[in-house]
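Keep in mind that what you see is a predicted model, and the values were worked out from it rather than measured.
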Amino acid sequence: MSDNVDNLILEQLRLIRSDLSGVTEKLDDLSMKVDGHTAILIGLGKYIHDIDERVEHIETKFGADT
């Protein structure tokens, strides 16, 4: 009887381990996607900053008040 219980427990632990492995893979994928989106947002922020600097330069050149 004890061997059967041990086998059941071990089987449940194997199933839990395989489920956790799947969750870990999904979290890794999600982390990579978040990193990619972060890089895109940083790039867009730099682009907007560069445009803002150009507009300020044009305003200064033409004497516009800011």
> Among all residues two or more places apart in sequence or in another chain, which pass the side-chain hydrogen bond (donor to acceptor under 3.5 Å, both in side chains) test with Glu11?
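Partners of Glu11 under the side-chain hydrogen bond (donor to acceptor under 3.5 Å, both in side chains) test: Arg14.
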> With sequence neighbours excluded, tell me which residues meet side-chain contact (heavy atoms from CB on, under 4.5 Å) with Ile9.
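Expected list: Val5, Leu13.
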> Any donor and acceptor pair, going by atom type alone, linking the side chain of Thr60 with main-chain N or O of Glu56 inside 3.5 Å?
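Yes, because the side chain of Thr60 sits within donor-acceptor range (under 3.5 Å) of the backbone of Glu56.
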> For Arg17, give me all partners under side-chain contact (heavy atoms from CB on, under 4.5 Å), at least two apart in sequence or on another chain.
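Arg17: no side-chain contact (heavy atoms from CB on, under 4.5 Å) contacts found.
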> Using the side-chain contact (heavy atoms from CB on, under 4.5 Å) criterion, which residues pair with Ile51? Sequence neighbours excluded.
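Ile51 satisfies side-chain contact (heavy atoms from CB on, under 4.5 Å) with Tyr47, Val55 once adjacent residues are dropped.
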> Please check if the side chain of Asn7 supplies one atom and the backbone of Asp3 the other of a donor-acceptor pair under 3.5 Å.
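Yes.
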> Check side-chain contact (heavy atoms from CB on, under 4.5 Å) between Asp50 and all other residues, then give those that pass, not counting sequence neighbours.
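Testing Asp50 for side-chain contact (heavy atoms from CB on, under 4.5 Å), a comparison that skips the adjacent residues, returns Lys46, Glu53.
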> Which residue pairs satisfy the salt bridge (Lys or Arg N to Asp or Glu O under 4.0 Å) criterion with at least one member in residues 25-36, sequence neighbours excluded?
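Counting only pairs at least two positions apart or across chains, no salt bridge (Lys or Arg N to Asp or Glu O under 4.0 Å) contact touches residues 25-36.
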> Should side-chain heavy atoms under 4.5 Å link Ile, Leu, Val, Met, Phe, Trp and Tyr, which residues sit in the same cluster as Leu15?
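Besides Leu15, the hydrophobic cluster comprises nothing; the residue is isolated.
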> Which other residues belong to the hydrophobic cluster containing Ile42, where Ile, Leu, Val, Met, Phe, Trp and Tyr are joined when side-chain heavy atoms lie under 4.5 Å apart, directly or via other members?
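Members other than Ile42 - counting any ILVMFWY side chain reachable under 4.5 Å - there are none.
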